[in-house]
Amino acid sequence: MRRSVETERGEMESTLKKYFGYSVFRPYQKDVIQRIIEKRDCLVVMATGSGKSLCYQLPPLVTGKTALVVSPLISLMQDQVMSLKQRGINAEFLGSAQTDSSVQTKAETGYFQLLFMTPEKACIIPISFWSKLLKAGVCLFAVDEAHCISEWGHDFRLEYKQLDKLRTFLLGVPFVALTATATEKVRIDIINSLKLKNPYVTIASFDRKNLFYGVKVINRGQSFVDELVQEILKSVAGAGSIIVYCMTIKDVEEISKALKQLGVKAGTYHGQMGSKAREEAHRLFIRDEIRVMVATMAFGMGIDKPDVRHVIHYGCPKSLESYYQESGRCGRDGIASVCWLYYARSNFAKGDFYCGESQTENQRTAIMESLLAAQRYCLLTTCRRKLLLNHFGETYSAETCGNCDNCMVSNRERDMSRESYLLMTSIQACGGYWGLNMPIDVLRGSRSKKVVDAQFDKLLLHGLGKDHSSNWWKTLAYQLISYGYLTETIKDVYRTVSVSQQGKQYLGSARPDHQPPLLLTFNGEMVDAEEHETISSNVGDLKSSATLENEGFSEADMQLYHMLLEERKKLARVTGTAPYALCGDQTIKKIALARPSTKARLANIDGVNQHLVITHGDHLLQTIRHLSQKLNLSLDGKVGEHTAFTRKLHVVVNTRTKLTPAKCEAWKMWHEDGLSIQKIANYPGRSAPIKEQTVVDYLLEAVSEGFDINWTRLCDEVGLTDEIFSAIQEAISKVGCKDKLKPIKNELPDDITYAHIKACLVMENCGISPEVIPPSQKKGDTDELPSKASETWHAEEPHEVEECGKSMVTYGFAYNNKEMTSLPVTKAEVQELSVGCGDDELCSHKRQKVDCPDGGFTVLEATESSVLNLLQKHDEGLPLFDILEHFNGSKSEAVIDLLSCLERDFMIFKKNNFYWLM
Ligand SMILES: Nc1ncnc2c1ncn2[C@@H]1O[C@H](COP(=O)(O)OP(=O)(O)OP(=O)(O)O)[C@@H](O)[C@H]1O
């Protein structure tokens with residue numbers, strides 16, 4: 001019999017904590033999992049490292065049926081199986097590398113919760129296997145890295161194309177396709193090829209907010225390599241790993257040799273190594289035995305080491321797709337991490353090299369276009385994140401991200417009218433069918449055979465640009481291309497540059513002795529070229545902004561963190577697993593700050609799963625005790641520090657945040673202190689109240705700057721319901737753009753406010769799924785309920801007074817033991833809540849019932865015991881908002897104070913803004 005959706009939802013949360021140690025789902029995960037449990041086909045397109053795997057890892061744990069997962073690489077399957085086993089999950093893989101012959105027989109009985117297999121294996125496995133397994137129970141068939149299905153994808157695999165035939169054997173089983181990179185063409189191909197029926201399609205943002213992107217042009221040669229390896233040496237001293245991607249095997253060998261000469265243990269990985277050697281390199285890397293991997297792009301898809309802090313590209317990648325995939329190996333645990341790309345100008349002439357194996361002109365054009373996109377990324381002077389996201393069809397509405405090299409340095413604008421005029425004129429004078437070299441050679445006064453043969457040495461502008469280097473002119477040309485004055489065209493492997501319509505207009509308005517101003521960003525590369533006459537070869541700063549000092553760690557905390565990392569490595573060695581499979585670096589940081597003395601406190605740390613506590617809890621506690629004593633640190637650091645830590649970490653990622661102190665303060669009051677928007681607006685400490693709308697704006701700005709926020713609570717306070725969200729979406733598609741709010745507002749009824757629209761747009765930008773909209777406001781419920789918006793947002797009168805006299809009141813969500821539902825609570829049920837703890841002496845006499853004028857409203861007061869009693873009923877924790885609503889007979893400030901006292905006394909603890917009983 002199918003369990004109720006509510007039961008499954010309740011189980012989803014507790015299963016997440018039990019097996020994975022996490023308290024909250026990431027955006028979209030819950031939605032997808034819900035659909036899979038409902039047996040719906042799904043297509044999940046989510047960024048690298050965003051947590052797609054959980055979408056197929058959780059359903060078998062909730063439903064008790066096997067999940068089948070097709071994965072393209074043996075090493076990827078082995079890593080996943082290893083990590084799942086460390087979480088106490090029964091997982092195995094089938095494929096050529098499987099040495100245990102009993103796995104297949106066990107699998108068909110439904111023995112494994114997760115069963116991975118290669119596409120080749122899936123295609124040859126006998127029908128009897130599927131029918132036996134189906135009888136035992138299959139909850140899903142997932143196709144990971146589903147872009148391999150499409151010939152348009154960058155990793156096409158023939159066997160993937162045959163997976164649809166399994167539909168006939170796996171009747172009634174939902175098919176789930178997952179990928180991180182899929183253009184619309186590829187998406188359609190995936191849906192068609194797997195014959196997905198009415199699939200639930202999730203396309204999340206591609207933005208990897210915790211990644212810093214930087215690019216530098218270099219002069220290839222020993223001096224650059226020396227600088228690079230020195231920087232790597234410095235970084236290895238910290239925690240985390242580094243991947244250096246090279247474009248050729250020769251480069252891999254050169255860099256790894258230089259690293260080894262410096263004493264840095266570095267692994268190598270490329271296509272010419274035998275499979276054993278590659279496997280060994282991979283194994284050593286994921287187990288932290290080597291911290292630096294120098295590799296070609298062969299070391300790409302499926303590398304799931306969460307603590308890679310730097311991905312360095314030595315050379316321009318062949319496409320933005322592969323750059324996104326490779327740089328996506330960085331910072332998968334969400335901690336701020338750094339991606340630097342170093343290219344030499346000569347990289348751009350690699351078209352012939354990459355086109356070598358292509359058969360048709362179309363293929364060659366596709367390769368050249370990909371290379372051109374990567375080249376554009378390198379030469380960009382504006383926000384790199386914006387270009388990357390735009391490339392994948394995503395609109396990034398902000399002009400700057402604040403976390404790429406171009407957004408972090410203020411590139412100077414300069415009037416480049418004369419130089420631009422000369423360059424465009426030279427391009428036109430040469431006929432517009434050359435690349436950049438010829439017109440630049442002419443400007444620089446070259447008398448090469450090519451120039452003389454074409455009689456370009458006779459042109460009046462011959463030699464007028466000799467003050468600048470060829471590279472300087474090329475940088476200017478790429479600027480003019482990106483500003484639309486020049487057009488670059490590719491035919492076969494040849495590129496030509498011509499003056500665009502916009503450029504022609506400019507030339508039409510200019511004369512040799514006078515040109516209208518033309519402001520261009522004068523980027524670092526041009527400054528270097530001018531100041532040093534050569535291009536700088538400095539290596540970018542490999543330090544991530546998330547250093548421990550920045551995160552508020554004391555010297556002793558830092559030492560403890562590093563010691564615990566070492567301990568984790570030892571433990572992993574003994575257990576025969578990778579350190580990250582035991583728990584992530586982020587979790588170790590939290591342990592170092594919290595220094596728990598009991599298993600309960602250890603289990604409460606985000607990222608600590610049940611299996612870890614059961615199998616290694618005693619050892620870990622003993623180690624923590626011993627190390628803390630050695631470092632003179634007290635055990636059980638303040639629990640509140642967890643939250644402060646999380647906030648700090650998030651803020652640190654955005655060290656250059658443009659948020660003013662007032663905005664930061666508003667965010668803090670709302671997010672950390674739990675004050676309502678209304679309370680913040682009228683906070684007594686201020687000289688004059690501010691508008692509630694202004695507070696909402698501040699909060700939304702904080703979110704856009706990367707600050708954490710509880711979306712459910714925010715939607716609730718702003719009154720953003722499902723219906724309003726859908727109406728706004730519709731209005732946006734009608735208007736066709738999101739740049740101006742007024743046209744969107746004009747399409748909507750008056751009661752939908754600018755605050756609703758702004759919240760909706762920020763949600764979209766941050767990739768937040770509408771499922772965060774609190775259930776009490778979902779369609780159907782709202783008819784019965786007074787809108788929260790009208791209570792807290794539009795109310796002139798205090799909240800409490802408005803509620804009096806209603807025969808049905810909302811106390812946030814009503815919780816029962818296991819399930820977190822969102823039903824309106826009636827008077828009787830409120831009584832029951834009080835009565836429910838009536839047996840408890842403490843509770844019964846301290847909870848008070850205060851009569852309202854109509855005698856129908858219960859007022860509850862917060863006392864130590866009533867708070868403890870309330871939390872005791874909610875295994876899944878309660879958000880501050882609900883606690884405040886529950887104790888409507890006490891002032892919010894008094895409840896918050898009481899909670900802090902209880903927290904200090906370790907009677908309760910706070911995690912992700914939920915309060916739990918210790
Ligand atoms: N709800 C969650 N809370 C915290 N961490 C999570 C959550 N879900 C997943 N993670 C962690 O995020 C990391 C990346 O997840 P995962 O490997 O599933 O990414 P992915 O989307 O499959 O990436 P790729 O496409 O690159 O393979 C993992 O370390 C995983 O444990």
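We count ligands from 1, going down the list as the structure has it; atoms in each ligand are counted the same way.
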- Are any of the side-chain heavy atoms of Gln113 and Leu61 separated by less than 4.5 Å?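 In contact.
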- So do the side chains of Ile37 and Cys139 get within less than 4.5 Å of each other, counting heavy atoms only?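 The answer is no; the side chains never approach within 4.5 Å.
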Please work out, at 4.0 Å between heavy atoms, whether the side chain, the backbone, both, or neither of [X] comes within that distance of ligand 1.
| X | answer |
| --- | --- |
| Ser53 | both |
| Val24 | backbone |
| Met46 | neither |

Has [X] got any heavy atom lying under 4.0 angstrom from an atom of ligand 1?
| X | answer |
| --- | --- |
| Thr179 | no |
| Gln57 | no |
| Ser50 | yes |
| Gly334 | no |

Looking at non-hydrogen atoms alone, which of [options] comes nearest to [atom]?
| atom | options | result |
| --- | --- | --- |
| atom 31 (O) of ligand 1 | Tyr22, Tyr580, Phe20 | Tyr22 |
| atom 19 (O) of ligand 1 | Ser71, Gly51, Pro27 | Gly51 |
| atom 29 (O) of ligand 1 | Pro306, Cys583, Ala47 | Pro306 |
| atom 8 (N) of ligand 1 | Gln325, Lys52, Gln29 | Gln29 |

- Task: Please lay out, stage by stage, how Tyr580 and Asp333 fare under the test side chain to side chain donor-acceptor pair (under 3.5 Å).
- Result: CA-CA 10 Å; Tyr580 73 78; Asp333 51 10; over 6 Å; no
- Item | Ion pair Lys569/Glu289, N-O distance below 4.0 Å |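 Answer for the salt bridge query: no.
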- Can you sort out the partners of Arg385 under salt bridge (Lys or Arg N to Asp or Glu O under 4.0 Å), two or more places apart, ordered by chain and number?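 Checked Arg385 against salt bridge (Lys or Arg N to Asp or Glu O under 4.0 Å); matches are Asp207.
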- Task: Please list, chain by chain and in numerical order, all residues satisfying salt bridge (Lys or Arg N to Asp or Glu O under 4.0 Å) with Asp41, sequence neighbours excluded.
- Result: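 For Asp41, the residues satisfying salt bridge (Lys or Arg N to Asp or Glu O under 4.0 Å) (neighbours in sequence not counted) are Arg167.
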- Message: What I want to know is whether Phe25 and ligand 1 share at least one N or O pair that is separated by under 3.5 angstrom.
- Response: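 There is no such contact.
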- Task: Look at the aromatic rings of Tyr56 and Phe116 and report parallel, tilted or perpendicular, splitting at 30° and 60°.
- Result: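 The arrangement is perpendicular - the two ring planes meet at more than 60°.
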- Would you please classify the geometry between the Tyr269 ring and the Phe299 ring as parallel, tilted or perpendicular, with 30° and 60° separating the classes?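 Taking Tyr269 first and then Phe299, their aromatic rings sit tilted (interplane angle of 30° to 60°).
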- Side-chain H-bond candidate by donor/acceptor type, Ser205 with Glu394, under 3.5 Å: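 Yes - a donor-acceptor pair under 3.5 Å links their side chains.
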- Message: List ligand 1 atoms under 4.0 Å from Ala180, heavy atoms only on the residue side.
- Response: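 The atoms of ligand 1 under 4.0 Å from a heavy atom of Ala180 are 25 (O).
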- Provide the number and element of each atom of ligand 1 under 4.0 Å from a heavy atom of Arg329.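 Counting atoms of ligand 1 from 1, those under 4.0 Å from Arg329 are 26 (O).
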